[in-house]
Protein chains: 2
Amino acid sequence: MIQATNVTPLFNDLAKIEHDRNVACHACSLYSLCLPLGLNNNDLIRLDSIIERSQNYKRGYALFTSDQPFKSLFVVRSGSFKTTISATDGRDQVTGFYFPGEFIALDAIHQQNYQSNAKALESSSVCELPFQNMEEIGKGMPQLQIQMLTRLSKELAGDKTFMLLLGKKTADEKLATFLLSLSKRFQDRGFSATNFQLSMSRSDIANHLGLAVETVSRLFSRFQEEGLISIAGKALSVQDIEKLKQLCG
Amino acid sequence: MIQATNVTPLFNDLAKIEHDRNVACHACSLYSLCLPLGLNNNDLIRLDSIIERSQNYKRGYALFTSDQPFKSLFVVRSGSFKTTISATDGRDQVTGFYFPGEFIALDAIHQQNYQSNAKALESSSVCELPFQNMEEIGKGMPQLQIQMLTRLSKELAGDKTFMLLLGKKTADEKLATFLLSLSKRFQDRGFSATNFQLSMSRSDIANHLGLAVETVSRLFSRFQEEGLISIAGKALSVQDIEKLKQLCG
DNA sequence: CACACAAATTGACATGGATCATGGAAAAGC
DNA sequence: GCTTTTCCATGATCCATGTCAATTTGTGTG
């Protein structure tokens, strides 16, 4: 189980940390980052009752694909995921990476099918929220409704910011921005902001940022030469976070 | 007042069409595209009572900017708007164009401030939905809550699709995709899918698509030479919609 | 109407990052 | 533990699109 607030493993691997399938929301270490925040006790218990806690998804396994009917929202419980959308000709775009406490499939609400594909980047688990049930219990829970709206709105804001990255930033700025975003998210989860494992491949990063793999690889090397970071395989250590921030534009 | 379902002006200018500030939702021609869809009569009346219908915003006027406190959501009533976000160094990104029936400011819900800037592209008007009031009346209106979630989710899906455009598409594909998106939206509003006015400048288009103005200008010229479109100033006519679709990738 | 200013077009040229190619290092499969 | 496959790093080259510059067209204003 993630006890994010107590331990700060330096080179954390979110997947390796044991977690208990049966921990209820009120006892979950992700509570403060997660959906139930702000719900009263009764509401929390009802919400809890509709949540299905998944088994492990191994690295590379699909949580859902865009040809499947939309049924549930998911919250990452441990590990991490990527989502992608595909053009008709096979090109695809990594639309996001998702860490514990973050929602997946918000873009599919009230569509027939999921709008994207979600894959585990490492051994991971999720809480599954069957949407039908959520609607049902949500009718009497304004706080839950507001939480949902807030979540959606924040993801939307993040995506707009990401448009600026894709449309206007240089390769350097893109990578710096991306690394800082990871750093921030690890920190929010009680991990080191400066030492962590990249669970995604170089090619996932490149794809997400609208770059070629080779460019990302070269940038990692250069950032290292310049003393901004030090990187060995998937282990990243941020050496000069201030310079990195300046680089974001 | 827009009577979109009855008239199909060829070169429509959404702003020039007269509209009555006092038309209630149930009598509004945008009804089927707009928020109230699916509400029962009582609920509709309550929703109606909190909506503030704006005066005209002239071309270039700001609906809000990102330094202002978030207060209301907006639905375009007539005309059109663009939204932008700014990097610290002054660069900015056009994050979207908004036409009648479409929501603006969904990315600001439960943030302190608006997250972007919204400007009128032509003489335009909006319906203003004070968010406090919406939350209030929403508590007893599950249908309204669902409508809101659906709206947010659809915008999210659109943004993810747009990421693929920004990250993976060539200049040709970007412009073709953009033109078809406009075409579709005009059609949905009862206008011609093939003949319409571009209310935004070339530079807004370029910025939105992550291109230089010159590139957009050249593409318009080339698309015209190739018989895909014919364009004179802001008046666009789609000549070969099928070829355009093939170009989207 | 004429002026001033902003927007759009078009051409010439430059370049950031893509693509291609190769070799080595992990990781996965058996 | 060996083999196969995928991933990553780095160099050489190329090209789609950006940048700069000059001109034309459109637009708003007194």
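Every chain is numbered from 1 and lettered A, B, ... according to where its sequence line falls, protein lines coming before strand lines. These numbers were taken from a predicted model, which means no experiment stands behind them.
- Under 3.5 Å, the side chain of B/R218 and the base of D/dT19 form at least one donor-acceptor pair of N or O atoms.
- As rounded to whole Å, 12 Å separates atom C1' of D/dC8 from atom CD1 of A/I205.
- Relative orientation of the B/F186 and B/F99 rings is tilted, given thresholds of 30° and 60° on the angle between their planes.
- Using a 4.0 Å heavy-atom distance criterion, A/G210 is classed as a sugar-phosphate-only contact.
- Summarising the geometry, the separation between CG on B/N207 and P on D/dT19 is reported as 12 Å, rounded to the nearest angstrom.
- The one candidate from A/T83, A/D67, A/T65, A/T84 that meets the side-chain hydrogen bond (donor to acceptor under 3.5 Å, both in side chains) condition with A/N117 is A/T84.
- In 5' to 3' order, the nucleotides of DNA chain C bounding all contacts with chain B (an atom under 4.0 Å from a heavy atom) are C/dA8 to C/dA12.
- Look at NZ on B/K169: it is 18 Å from C1' on D/dT17, rounded to the nearest Å.
- Note on ring orientation: taking the six-membered ring where Trp is involved, the planes of A/F70 and A/Y114 are perpendicular (angle over 60°, cut-offs 30° and 60°).
- B/K119 NZ: 12 or fewer foreign heavy atoms inside a 6.0 Å radius.
- B/S217 comes within contact range of at least one nucleobase, with a heavy-atom separation under 4.0 Å.
- With distances taken from any side-chain atom of B/E214 to the nucleotides D/dC20, D/dT17, D/dT10, the minimum falls on D/dC20.
- Closest-nucleotide positions on DNA chain C for A/K234 and A/A171 were compared, and the one nearer the 5' end corresponds to A/A171.
- Summarising the local packing, NZ of A/K154 is surrounded by 12 or fewer heavy atoms from other residues, nucleotides or ligands at distances under 6.0 Å.
- Across the protein-nucleic acid pair, A/L219 atom CG and D/dA9 atom P stand 11 Å apart, rounded to whole Å.
- B/S124 places a side-chain N or O within 3.5 Å of a backbone atom of B/S80 that can act as its donor or acceptor partner.
- Rounding to whole angstrom units, OH of residue B/Y61 and C1' of D/dG28 are separated by 13 Å.
- Contact of B/R59 with D/dG28 (side chain to base): no donor-acceptor pair of N or O atoms is detected under 3.5 Å.
- By the 6.0 Å contact criterion, NZ on B/K243 is open, its count of non-hydrogen atoms from other residues, nucleotides or ligands being 12 or less.
- Using a 4.5 Å heavy-atom threshold, the side chains of A/K169 and A/T177 count as touching.
- For the pair B/L175 CG and D/dT17 P, the interatomic distance rounds to 12 Å; values are reported in whole Å.
- Listed for the A/Q224 side chain is a donor-acceptor partner under 3.5 Å among the backbone atoms of A/I231.
- Residue A/L198 contributes atom CG, which lies 11 Å from atom P of D/dA9 at whole-angstrom precision.
- Distance B/I231 CD1 to D/dT25 C1': 14 Å, rounded to the nearest Å.
- Across the helix from C/dC1-D/dG30 to C/dC30-D/dG1, the helix axis at one end is tilted relative to the axis at the other end by 70° (nearest 10 degrees, each axis from five pairs).
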